[in-house]
Visitor: 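Okay, here's the structure, questions in a sec.
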Amino acid sequence: MKMLKKLLMLGLFLIFVLPVLGESGLPETVYNQNLPSLRDLFRDYFDFGTAISREELMAVREARGLPYQFSILTAGNEMKPASLLDLQECRKLAQTDETAVAVRFSSAKPILDFAKGQGLRVHGHVLVWHSQTPLEFFKQGYIATRDFVSREVMLSRMENYIREVLTWTAENYPGVIVSWDVVNEAVADGKKGLRESNWTRVVGEDFVLKAFEYARKYAAEGTLLYYNDYNTPYEPKLTVICDLLDQLKAEGTVDGYGFQCHFSVNTPPIAAVKRAFARVAEKGLRLRVSELDVGISTATDARLREQALVYTDLFRIFLDYADQLEAVQVWGITDSRSWRSTEFPLLFSSGGYPKPAYYALVELAEAQ
Ligand code: XIL
């Protein structure tokens with residue numbers, strides 16, 4: 001009897017639950033082509049895209065429908081130094097040359113192949129960052145327990161890394177990667193100045209300028225180079241970001257600023273976001289919304305409606321800057337796969353159904 005019950009449950013699972021989840025756990029409902037396409041609706045204003053992981057992409061059913069909603073992709077983790085640095089190979093090379101850098105693209109390839117095949121654009125994320133960058137990168141012989149390398153060696157490693165990544169991607173995927181985050185999150189929170197990190201420790205505060213100098217040197221013609229950061233609406237961070245952008249602009253090495261926008265309902269206040277956009281936009285740089293999500297505490301109807309209002313208010317600001325704004329990218333597709341999954345921050349529910357925020361954006365776009 002127990003066995004029969006188990007079989008029955010399994011049968012029900014196979015018939016009802018599995019088809020909804022699709023092969024990789026991301027439901028096909030996301031790509032239901034009876035839904036309006038946000039990519040199409042915002043086409044005249046900016047690219048609309050998402051971050052995506054290799055696992056999500058490798059699932060055939062998901063991939064098929066993806067380009068229906070999104071025109072540009074960012075690898076959620078697969079193009080960060082932690083994914084691209086080949087430490088084993090670096091250690092071998094370091095025996096004769098401490099400045100040599102080896103990279104490998106196995107994790108990034110599925111995303112780049114897919115984008116190329118489907119005619120989607122890719123935003124590269126990220127060349128230089130304090131996080132998701134192995135400690136070994138900064139150490140003699142690429143061995144964690146050894147001392148830090150000198151500033152000169154580190155600058156050479158930085159230049160070699162940037163050159164390897166930019167030239168390999170441009171040669172193997174010409175035209176696919178339209179822009180790069182050259183430096184991510186260099187500015188400190190809550191105090192004036194840069195964040196202390198292995199980059200400031202080993203190279204010094206000019207590591208940002210150097211990264212952009214190298215990126216400009218090796219980037220394919222027309223590739224847009226961005227400085228990317230979060231908490232843009234908060235002082236003194238906003239002022240430090242603006243000063244940094246002025247400096248990079250004077251050197252001619254930066255094209256734009258990426259607003260991460262990991263927000264929550266009421267935090268930051270919309271007025272503060274508006275002010276931050278105005279402050280950065282007046283520099284005449286390109287802009288992008290690189291990592292949008294809006295957290296709520298619980299997924300009740302009331303909270304989901306509040307979330308929809310915040311998404312609408314934010315997109316009103318984005319539309320005001322459409323002339324400068326290259327792209328708006330949400331940081332993930334469904335809530336359950338979000339890095340903030342406990343805050344239900346995206347446009348599609350864990351079950352893959354469009355949320356009130358999605359419909360609010362459709363309505364907003366249609367009213368333009
Ligand atoms: C996040 C990824 O989404 C997670 O999977 C990972 O565990 C941590 O990094 N700012 C960034 C992104 O620039 O690279 C981060 O992505 C989110 C915050």
Side-chain angles (χ1 to χ4, degrees), residues 26 30-31 37-40 42-43 46-59 62-85 103-129 132 161-184 211 215-216 218-228 254-261 286-293 325-333 337 339:
L26 201 130
V30 170
Y31 308 118
S37 151
L38 289 176
R39 163 200 174 139
D40 284 352
F42 289 113
R43 171 163 291 161
F46 36 71
D47 264 329
F48 182 71
T50 182
I52 189 138
S53 73
R54 180 178 169 216
E55 289 72 39
E56 282 169 298
L57 254 190
M58 303 254 281
E62 287 174 35
R64 199 181 53 205
L66 191 76
Y68 181 64
Q69 289 292 350
F70 306 105
S71 56
I72 186 161
L73 303 177
T74 296
N77 288 303
E78 294 78 355
M79 290 167 74
K80 293 172 178 176
S83 298
L84 299 187
L85 268 174
V103 288
R104 44 144 197 227
F105 293 90
S106 45
S107 59
K109 267 183 188 165
I111 295 177
L112 292 168
D113 284 338
F114 178 78
K116 189 176 164 183
Q118 299 287 323
L120 298 179
R121 287 179 270 281
V122 170
H123 173 72
H125 174 78
V126 46
L127 294 172
V128 173
W129 192 20
Q132 292 184 276
Y161 178 80
I162 290 175
R163 189 194 59 244
E164 290 293 319
V165 174
L166 291 182
T167 51
W168 188 91
T169 47
E171 272 164 22
N172 291 279
Y173 297 91
V176 173
I177 302 180
V178 293
S179 48
W180 272 97
D181 289 331
V182 175
V183 177
N184 195 25
R216 183 58 91 208
Y218 299 110
E221 183 86 27
T223 310
L224 297 178
L225 302 180
Y226 285 85
Y227 175 67
N228 195 55
V254 75
D255 293 301
Y257 180 66
F259 293 82
Q260 286 191 12
C261 299
R286 314 281 182 107
L287 307 174
R288 60 194 335 278
V289 172
S290 51
E291 306 180 17
L292 175 64
D293 47 24
L325 197 59
E326 290 291 317
V328 175
Q329 294 191 238
V330 281
W331 199 246
I333 301 164
R337 284 170 174 263
W339 73 308

Visitor: Passes side-chain contact (heavy atoms from CB on, under 4.5 Å), T74 versus W331? Steps please.
Guide: CA-CA 9 Å; T74 296; W331 199 246; 3.9 Å; yes
Visitor: Could you pull out the closest heavy-atom pair between S53 and R337, with the gap in Å?
Guide: OG-NH1, 4.4 Å
Visitor: Is it the case that the side chain of R104 and the backbone of L85 share a donor-acceptor pair, with hydrogens and angles ignored and the cut-off at 3.5 Å?
Guide: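 Yes, because the side chain of R104 sits within donor-acceptor range (under 3.5 Å) of the backbone of L85.
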Visitor: Sequence neighbours excluded, which residues qualify as side-chain hydrogen bond (donor to acceptor under 3.5 Å, both in side chains) partners of Y257?
Guide: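 So Y257 forms a side-chain hydrogen bond (donor to acceptor under 3.5 Å, both in side chains) with T232.
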Visitor: With sequence neighbours excluded, tell me which residues meet side-chain hydrogen bond (donor to acceptor under 3.5 Å, both in side chains) with D113.
Guide: Y173
Visitor: Between F105 and V165, what is the shortest heavy-atom contact and its length?
Guide: CZ-CA, 4.0 Å
Visitor: Restricting to ring-ring contact (aromatic ring centres under 6.0 Å, His included), what partner residues turn up for Y161, sequence neighbours left out?
Guide: F137
Visitor: Ignoring hydrogens, what is the shortest heavy-atom contact between G175 and V178? Give both atom names and the distance.
Guide: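 Minimum heavy-atom separation between G175 and V178: O-CG1, 4.0 Å.
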Visitor: Go through the structure and list residues passing side-chain hydrogen bond (donor to acceptor under 3.5 Å, both in side chains) with S179, not counting sequence neighbours.
Guide: H123
Visitor: Just jot down the side chain to side chain contact (heavy atoms under 4.5 Å, CB included) partners of R39, sequence neighbours excluded, or say none.
Guide: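 Partners of R39 under the side chain to side chain contact (heavy atoms under 4.5 Å, CB included) test: S37, R43, P67, S71, L120.
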Visitor: With side-chain contact (heavy atoms from CB on, under 4.5 Å) as the test, would you mind laying out the steps for V183 and V126 before giving the verdict?
Guide: CA-CA 7 Å; V183 177; V126 46; over 6 Å; no
Visitor: Who are the side chain to side chain contact (heavy atoms under 4.5 Å, CB included) partners of A75, not counting sequence neighbours?
Guide: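 Side chain to side chain contact (heavy atoms under 4.5 Å, CB included) list for A75, sorted by chain: E78, M79, I111.
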Visitor: Answer yes if the ring centres of Y226 and W180 are under 6.0 angstrom apart, and no otherwise.
Guide: no
Visitor: Residues two or more places apart in sequence or in another chain: which of them pass ring-ring contact (aromatic ring centres under 6.0 Å, His included) with F48?
Guide: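 So F48 forms a ring-ring contact (aromatic ring centres under 6.0 Å, His included) with F70.
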Visitor: State plainly whether the residues R288 and D255 are in salt-bridge range, i.e. N to O under 4.0 Å.
Guide: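 Looking at R288 and D255, the cut-off is not met.
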Visitor: Run the side chain to side chain contact (heavy atoms under 4.5 Å, CB included) test against Q260 and tell me which residues pass, sequence neighbours left out.
Guide: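 With neighbours one apart ignored, the set is N184, E185, N228, Y230, H262, S290, E291.
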Visitor: Kindly write out the residues that satisfy salt bridge (Lys or Arg N to Asp or Glu O under 4.0 Å) with D181, not counting sequence neighbours, or none if the list is empty.
Guide: none
Visitor: Among residues at least two apart in sequence or on other chains, which ones pass salt bridge (Lys or Arg N to Asp or Glu O under 4.0 Å) with R286?
Guide: E326
Visitor: Of all the heavy-atom pairs spanning V103 and E164, show the shortest one and how long it is.
Guide: CG2-CB, 3.7 Å
Visitor: Report the C-alpha separation of D293 and W339 in whole Å, then their side-chain angles, then the decisive distance to 0.1 Å, and conclude whether the side-chain contact (heavy atoms from CB on, under 4.5 Å) test is met.
Guide: CA-CA 10 Å; D293 47 24; W339 73 308; 3.0 Å; yes
Visitor: How would you list, by chain and number, every residue that makes a side-chain hydrogen bond (donor to acceptor under 3.5 Å, both in side chains) with T169, sequence neighbours excluded?
Guide: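 Here no residue qualifies.
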Visitor: I'd like to know whether V254 forms a side-chain contact (heavy atoms from CB on, under 4.5 Å) with V182, so could you lay out the CA-CA distance, the side-chain angles of the two residues, the decisive distance to 0.1 Å, and finally the verdict.
Guide: CA-CA 9 Å; V254 75; V182 175; over 6 Å; no
Visitor: Can you tell me how far apart CG (L73) and CD (E56) are? Round to the nearest 0.5 Å.
Guide: 10.0 Å
Visitor: At their closest point, which heavy atom of V128 faces which heavy atom of A211, and how far apart are they?
Guide: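 Heavy atoms of V128 and A211 come nearest at CG2-CB, 3.9 Å.
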Visitor: Against L127, only a single residue in L225, L166, L84 fulfils side chain to side chain contact (heavy atoms under 4.5 Å, CB included); can you say which?
Guide: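 Only match with L127 under side chain to side chain contact (heavy atoms under 4.5 Å, CB included): L166.
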Visitor: Taking A327's backbone N and O only, do any of them form a donor-acceptor pair with D47's side chain (distance below 3.5 Å, no angle check)?
Guide: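 Not at all, since once roles are kept as given, no pair shorter than 3.5 Å links the two residues.
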Visitor: List the atom of G124, the atom of I177, and the distance in Å for their closest heavy-atom pair.
Guide: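 It is N-CG2, 3.8 Å.
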Visitor: CD1 of I52 to CG of L57: how many Å apart, nearest 0.5 Å?
Guide: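 Interatomic distance, I52 CD1 to L57 CG, rounded to 0.5 Å: 4.0 Å.
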